[in-house]
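What follows is a set of notes on a single structure, which appears directly below.
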Amino acid sequence: MTEKPPRLTGEALWLKSSRTPTADRDLDTVLGSVTSLPLKYWRPHFYFTGARDRLLYGLTRRMFPVKPVRKKTHPIFTRRLLAHQAGMEVCPCSTKRPYNQSICHFIQKGCTLRHTGHVMNRNSYLVETVTFNMPASVAAGLLFRGEVPVQCIIPVKP
């Protein structure tokens, strides 16, 4: 009788077990089946949703959004890993092109994100002049949507 493979749900994804695929050993396998991803597993070009405006307003030293709306959220784009794997530098995204950037980038509408198959339903501009280090407490509440392929990050000139 053959043994059933373990299910990739709940805590099993994050525990170190010799029989279950874990995030530490098989991150690419795990990414397609999760929506909540601990900060230690984040990589550059990951796209998350659900960052509340009021929280972003504080984390960005009142730079983004210009007028925080109580129940509104904005996506987050991961830019780079911090030294000594201390966390991740991120920037918020917006459906409106940032007015204070001479050159900016956007994630193209229709782009299919890696690992999850999430399809971008609109252009999402990277607000690259407003970066901050993501706190682990905030990261835990964001929804992982996938990894943005490089070819979907389009530069826009003035």
Side-chain angles (χ1 to χ4, degrees), residues 9-11 13-15 22-24 27-28 30-158:
T9 58
E11 286 186 34
L13 293 173
W14 313 115
L15 298 176
T22 66
D24 287 331
L27 184 60
D28 288 331
V30 170
L31 288 175
S33 60
V34 298
T35 55
S36 180
L37 189 63
L39 185 60
K40 80 179 215 175
Y41 298 110
W42 287 26
R43 297 192 295 217
H45 293 188
F46 277 8
Y47 186 82
F48 294 86
T49 58
R52 296 231 175 251
D53 274 9
R54 288 190 179 213
L55 184 61
L56 286 175
Y57 195 64
L59 290 172
T60 63
R61 298 170 303 284
R62 301 182 193 182
M63 295 174 66
F64 184 87
V66 176
K67 295 179 185 176
V69 179
R70 188 168 179 254
K71 292 187 177 183
K72 191 170 179 187
T73 64
H74 278 86
I76 296 293
F77 178 77
T78 60
R79 291 173 41 93
R80 67 180 184 90
L81 187 63
L82 297 175
H84 309 293
Q85 297 182 336
M88 187 64 68
E89 179 186 83
V90 302
C91 69
C93 301
S94 176
T95 55
K96 297 179 183 132
R97 180 180 175 184
Y99 65 90
N100 59 349
Q101 290 182 213
S102 58
I103 297 176
C104 68
H105 296 85
F106 70 94
I107 303 166
Q108 193 171 33
K109 177 182 177 178
C111 176
T112 301
L113 303 186
R114 290 188 183 124
H115 309 295
T116 61
H118 176 78
V119 178
M120 299 294 291
N121 64 353
R122 61 186 72 156
N123 289 339
S124 189
Y125 290 91
L126 308 181
V127 186
E128 296 167 285
T129 56
V130 180
T131 62
F132 62 96
N133 298 340
M134 177 57 69
S137 59
V138 175
L142 300 179
L143 297 174
F144 175 65
R145 296 299 186 187
E147 182 177 4
V148 181
V150 175
Q151 63 270 22
C152 289
I153 303 172
I154 311 297
V156 177
K157 295 180 182 175

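Between H74 and D53 there is a side-chain heavy-atom pair separated by less than 4.5 Å. Looking at heavy atoms from C-beta onward, K72 lies out of side-chain contact with R52 at the 4.5 angstrom threshold. No side-chain heavy atom of T73 sits under 4.5 Å from any side-chain heavy atom of T49. Contact check for M88 versus L81: side-chain heavy atoms found under the 4.5 Å cut-off. A heavy-atom distance below 4.5 Å is not found between the side chains of P98 and F64.
A side-chain contact (heavy atoms from CB on, under 4.5 Å) with S94 is found for exactly one of N123, V130, V127, namely V127. The only option from R79, R97, R80 that meets the salt bridge (Lys or Arg N to Asp or Glu O under 4.0 Å) definition with E128 turns out to be R79.
Distance alone, capped at 3.5 Å, places no donor-acceptor pair between the W42 side chain and the G87 backbone.
In this structure, R114 CZ and T112 OG1 are separated by 11.0 Å, a value rounded to the nearest 0.5 Å. Remark: L143 CG to I76 CD1 distance equals 12.0 Å, nearest 0.5 Å. In this structure, NZ in K109 is found 7.5 Å from CG in N121, a value given to the nearest 0.5 Å. Atoms CZ and NE2, on F46 and H115 in that order, are 5.0 Å from each other to the nearest 0.5 Å. With rounding to the nearest 0.5 Å, the separation of CE in M120 from CD1 in I107 is 4.5 Å. Between the CG atom of L142 and the OG1 atom of T78 there is a distance of 11.0 Å, given to the nearest 0.5 Å.
Every residue meeting the salt bridge (Lys or Arg N to Asp or Glu O under 4.0 Å) condition with R43, not counting sequence neighbours, appears here in chain and number order: D28, E147. C91 meets the disulfide bond (SG atoms under 2.5 Å apart) test with no other residue; sequence neighbours excluded.
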Candidate pair V148 and L113, rule side-chain contact (heavy atoms from CB on, under 4.5 Å), full reasoning
CA-CA 5 Å; V148 181; L113 303 186; 3.8 Å; yes
Assess the residue pair F48 and F144 against the criterion (ring-ring contact (aromatic ring centres under 6.0 Å, His included)); give the C-alpha distance rounded to whole Å, side-chain angles, the decisive distance to 0.1 Å, and a yes or no.
CA-CA 5 Å; F48 294 86; F144 175 65; 5.6 Å; yes
Going through the distances and angles, do S124 and F77 end up as a side-chain contact (heavy atoms from CB on, under 4.5 Å)?
CA-CA 10 Å; S124 189; F77 178 77; over 6 Å; no
Residues F132, L56; criterion side-chain contact (heavy atoms from CB on, under 4.5 Å); working and verdict:
CA-CA 9 Å; F132 62 96; L56 286 175; 3.7 Å; yes
Decide side-chain contact (heavy atoms from CB on, under 4.5 Å) for M134 and E89; before the verdict, give the C-alpha distance in whole Å, the side-chain angles of both, and the deciding distance to 0.1 Å.
CA-CA 6 Å; M134 177 57 69; E89 179 186 83; over 6 Å; no
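Within the structure, the salt bridge (charged side-chain N to carboxylate O under 4.0 Å, His left out) test picks out no pair touching residues 129-146 (sequence neighbours left out).
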